Structures are given as C-alpha cells and as structure tokens.
Novice: 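Okay, here's the structure, questions in a sec.
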Amino acid sequence: MSRMVTQIISTMETQVSNGPSGTSLPNGPVISTNGATDDSKTNLIVNYLPQNMTQEEFKSLFGSIGEIESCKLVRDKITGQSLGYGFVNYVDPNDADKAINTLNGLKLQTKTIKVSYARPSSASIRDANLYVSGLPKTMTQKDMEQLFSQYGRIITSRILVDQVTGISRGVGFIRFDKRNEAEEAIKGLNGQKPLGAAEPITVKFANNPSQKTGQALLTQLYQTAARRYTGPLHHQTQRFSLIPPFGKGPDPNNSTKPILDNLLNASYGVKSSPSLLPRFSPITIDSMTSLAGVNLTGPTGAGWCIFVYNLSPEADESVLWQLFGPFGAVTNVKVIRDFTTNKCKGFGFVTMTNYDEAAMAIASLNGYRLGDRVLQVSFKTSKQHKA
DNA sequence: TATAATT
C-alpha cells in the first residue's frame with residue numbers, strides 16, 4: 001500500500017491552448033442568430049486539480065478573477081470523488097482571458113493546474129485518449145507529438161518518466177481533439193517502429209482513469225479521511241479510526257499507522273513547493289505554533305485563518321493563491337485594500353482547511369522575501385483581529 | 001504498461 005504513495009509519477013506535458021472559435025466581441029455574452037448563447041469565449045476547462053479540492057475552493061479560486069456565471073467541479077457519479085477537472089463559465093470574456101493568463105500553471109499542492117478554453121461539448125471529442133507503450137527511451141514528448149500529429153490535432157501529450165532519474169519510462173499518452181483522429185492513429189501507428197527504433201510501439205485507447213482498482217479506491221478513501229482531520233500532527237494517527245479493510249493484525253491501529261504516516265507525509269505538498277522550503281519537521285512546527293499562537297482563533301467553521309503582513313500595494317489575490325496553494329487546501333484568500341485607492345493596505349488573509357498544512361505554510365513563508373519585502377506570516381490572533 | 005480532458 002505505501003508503495004502506491006511513493007509511486008507518484010512525474011510527468012511533462014505540453015500546454016496546448018484551446019483557442020475559442022468564432023468571431024470575437026469586446027464584451028458580454030455572445031448571442032448567435034438562432035438565440036443560443038455562445039460560451040466559447042467565457043467557458044473554461046480546468047485540469048489537474050488537486051484530488052481534495054472542493055467545489056467551494058474551486059469557486060473561490062476562480063471567483064477571485066471576476067464574476068462567474070456558473071462553475072462545476074466534475075465528480076464521479078458513484079463515489080462522489082473529484083475527477084480532477086472542472087468548468088468555469090465567466091460572465092465577461094475578458095475575465096476568462098484573465099483567468100487563463102493568471103491561473104494557468106498555478107501550483108496547488110502536488111499539481112500544476114491547467115486553465116484553457118473548453119471546446120464545445122460533443123460526443124466526437126470523447127474517448128480520444130491514447131495509451132502508447134514501447135516508446136524508445138530517447139524519444140521526447142516533441143518527437144512523439146510529431147509522430148502522432150499527422151493524424152489530427154493533439155490536445156495533450158505526456159511521456160511518463162521515472163521520478164528519480166527523470167528518464168522516460170517508454171510509455172505515454174496522446175489525447176486527440178476527435179475520437180476518429182485517435183482511431184486513425186491506432187490504425188497507422190500500432191505495431192509500427194518509429195524512425196530508427198528497434199522495437200515497435202503499441203498504440204491503443206487509454207483506460208478510463210475513473211475505473212479504479214479496489215485498492216486504489218481504498219487508498220483514496222484514506223487520503224480523503226486523513227486530510228479531513230485538522231488537529232495537531234502528533235495526534236493525527238491516534239485519533240484516526242478508519243480501520244477494517246486494512247488491518248491485518250489483531251490491533252488494526254498499529255498495522256495502519258505506517259500507511260497513514262506515508263499518506264500524510266505525501267499530502268503535505270512539500271515536493272512541489274518552492275526550493276526555499278526547509279525540510280519538514282513536526283517538532284519545529286509544533287513548538288512554533290504552541291509558543292506563538294497564544295491567541296489562536298482556531299478552526300472557526302471554514303478552517304484556519306492566516307495573517308499575511310507586508311504585502312506590496314500592488315498585491316492581489318493571485319499572489320496569495322500562488323504562495324499558499326502549494327501547501328494544501330486553501331478555501332479562501334483576501335487582500336485588504338484601501339477603499340479609495342483600491343491598493344493593498346499591506347496585508348491579507350488566507351484560510352486553510354487543515355492545521356498541519358497551515359502550519360507548514362506559515363513555517364515556510366514567514367520571513368519569505370517577496371520582491372523587496374519580507375513577509376510576516378502567522379495564524380491570525382485575536383489581538384490582530386482588533387487592530 | 002497507466003494520467004484524473006467535456007458538464
């Protein structure tokens with residue numbers, strides 16, 4: 001089980017822009033002559049969202065750009081689990097454009113989200129994802145795209161690499177715009193040797209990632225349950241009580257602990273965080289919070305409120321998302337602005353769901369140099385509240 | 001030899 005956690009595969013992906021089609025208007029919803037609304041310039045698809053991100057967090061993140069007409073985090077119909085992508089339809093096409101420019105590539109926990117225009121929904125674009133294996137280890141993502149591009153428009157491509165060495169694992173994925181393009185690629189390339197390759201490649205339709213093995217689903221259950229608990233870290237394993245499918249010995253608590261430790265450590269999101277981060281140390285975090293957090297407001301409803309001081313007058317919400325997003329679930333960010341000038345008054349607030357992630361963010365970002373300023377970051381206290 | 005891309 002713990003092996004599955006360490007098996008996270010690092011990948012590279014081309015960011016393909018799905019440009020909106022049709023003529024462009026400066027503002028407002030586009031109404032075609034038949035009365036149907038054309039949302040091609042306002043509707044976005046967001047991919048590679050963290051597994052634990054909620055609909056509320058999703059809305060909060062994209063709502064910080066502009067007024068949203070509608071948004072939806074897509075979930076598995078049966079399990080209710082996030083499928084890792086969603087849609088945001090803005091009122092104003094300019095905000096959709098702004099969202100792509102400011103949020104595409106944003107790092108959230110272990111993910112780098114992708115924000116692009118949604119293609120018009122249709123049956124012809126479904127099931128157009130191919131799984132490719134037996135690729136020469138020297139073949140790059142560009143090489144692979146070049147090979148497949150003769151069969152149609154490529155939406156995404158990816159070659160899986162060993163996380164430690166960075167060397168290609170010889171397998172990858174190609175998503176075409178249309179299913180029939182994917183079919184043609186299979187006909188043309190399955191069993192063929194790429195230019196100069198020793199072995200033929202296998203090209204077939206990819207399995208649907210939502211069709212998981214029982215064990216993978218159980219892992220996911222554990223992750224979800226573990227992240228929901230927001231107490232101090234050293235209490236986490238002893239308070240945790242999801243046992244039956246995992247316990248092999250007479251004391252399921254003991255046999256479960258190492259698994260949980262792995263899952264919890266994997267959930268800190270430290271790996272993808274800025275290089276300035278110190279190594280994770282539960283003792284440091286705990287002593288810091290117990291000494292400095294005398295007047296902690298605590299997890300009031302939504303989560304743990306963090307006070308961020310010494311932001312520049314130009315700071316905006318996206319800065320706070322970028323700073324705190326890598327550490328875990330962020331439910332809300334707010335930059336406090338002067339009423340008349342609309343400039344940041346030098347501080348803001350961030351709400352995070354989980355105590356351990358909030359503590360990690362504070363430990364890492366307090367004293368962080370942002371431009372020519374040094375940030376002060378702490379749990380919000382009642383004293384600061386009055387100020 | 002397996003990633004969360006169409007509501």
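No experiment lies behind these values; they were computed from the predicted model shown. Below, chains carry the letters A, B, ... as their sequence lines are ordered, and counting in each starts from 1.
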Novice: Looking at DNA chain B, which of residues 187-201 of chain A put a heavy atom within less than 4.0 Å of it?
Specialist: none
Novice: Measure from CG on A:N208 to P on B:dT3 and round the result to the nearest Å.
Specialist: 12 Å
Novice: Measuring from the side chain of A:N129 (C-beta onward, heavy atoms only), which nucleotide among B:dT7, B:dA5, B:dT3 has the closest atom?
Specialist: B:dT3
Novice: Nearest-Å distance, CG (A:D127) to C1' (B:dT6)?
Specialist: 11 Å
Novice: Rounding to an integer number of Å, can you tell me how far A:Q55 CD sits from B:dT7 C1'?
Specialist: 11 Å
Novice: Any chance the rings of A:F349 and A:Y309 have centres within less than 6.0 Å?
Specialist: no
Novice: Suppose we call a contact any N or O donor and acceptor under 3.5 Å apart; does that hold for the side chain of A:Q51 and the base of B:dA4?
Specialist: yes
Novice: Between the side chains of A:N354 and A:D356, does any donor sit under 3.5 Å from an acceptor?
Specialist: no
Novice: Between A:E57 and A:T331, does any side-chain donor sit less than 3.5 Å from a side-chain acceptor?
Specialist: no
Novice: Just the rounded figure in Å: distance from P of B:dT3 to CG of A:D162.
Specialist: 14 Å
Novice: Atom NZ of A:K111 to atom C1' of B:dA5: distance rounded to whole Å?
Specialist: 13 Å
Novice: Can you figure out which of B:dA4, B:dA5, B:dT3 approaches the side chain of A:K114 most closely?
Specialist: B:dA5
Novice: How close or far is atom C1' of B:dA5 from atom OH of A:Y117, stated in whole angstroms?
Specialist: 18 Å
Novice: For A:N101 and A:D97, does a side-chain donor sit closer than 3.5 Å to a side-chain acceptor?
Specialist: yes
Novice: To the nearest angstrom, how far is A:I45 atom CD1 from B:dA5 atom P?
Specialist: 8 Å
Novice: With no hydrogens and no angle check, just 3.5 Å: does a side-chain donor-acceptor pair link A:T42 and A:D39?
Specialist: no
Novice: Can you run down the salt bridge (charged side-chain N to carboxylate O under 4.0 Å, His left out) pairs that involve residues 182-204 of chain A, sequence neighbours left out, and say none if there aren't any?
Specialist: A:R179-A:E183, A:E184-A:K187
Novice: So, using side chain to side chain contact (heavy atoms under 4.5 Å, CB included) as the criterion, who are the partners of A:V335 when residues are at least two apart?
Specialist: A:E317, A:L320, A:R337, A:C344
Novice: Look at all strands and tell whether A:K204 reaches a base, only sugar-phosphate, or nothing, counting heavy atoms closer than 4.0 Å.
Specialist: base
Novice: Under the criteria of a ring-centre distance below 5.5 Å and an interplanar angle below 30°, is A:Y48 stacked with the base of B:dA4?
Specialist: no
Novice: In whole angstroms, how far is the C1' atom of B:dA5 from the CZ atom of A:F87?
Specialist: 7 Å
Novice: Does A:R158 make a side-chain donor-acceptor contact with the base of B:dT3, cut-off 3.5 Å?
Specialist: no
Novice: Does a distance-only test, which skips hydrogens and angles, find a donor-acceptor pair under 3.5 Å between the side chain of A:N43 and the base of B:dT7?
Specialist: yes
Novice: Check the phosphate of B:dT6 against A:K72, side-chain N and O only, distance under 4.0 Å to OP1 or OP2. Yes or no?
Specialist: no
Novice: Between A:R175 and B:dT6, does any side-chain N or O lie under 4.0 Å from OP1 or OP2?
Specialist: yes
Novice: B:dT7, OP1 or OP2 - any side-chain N/O from A:S121 closer than 4.0 Å?
Specialist: yes
Novice: May I ask you to check whether A:S82 and A:Q51 show a side-chain donor-acceptor distance below 3.5 Å?
Specialist: no
Novice: Between B:dA5, B:dT7, B:dA2, which one does the side chain of A:N207 approach most closely?
Specialist: B:dA2
Novice: Which nucleotide wins on minimum distance to the side chain of A:A118, given the candidates B:dT7, B:dA5, B:dT3?
Specialist: B:dT7
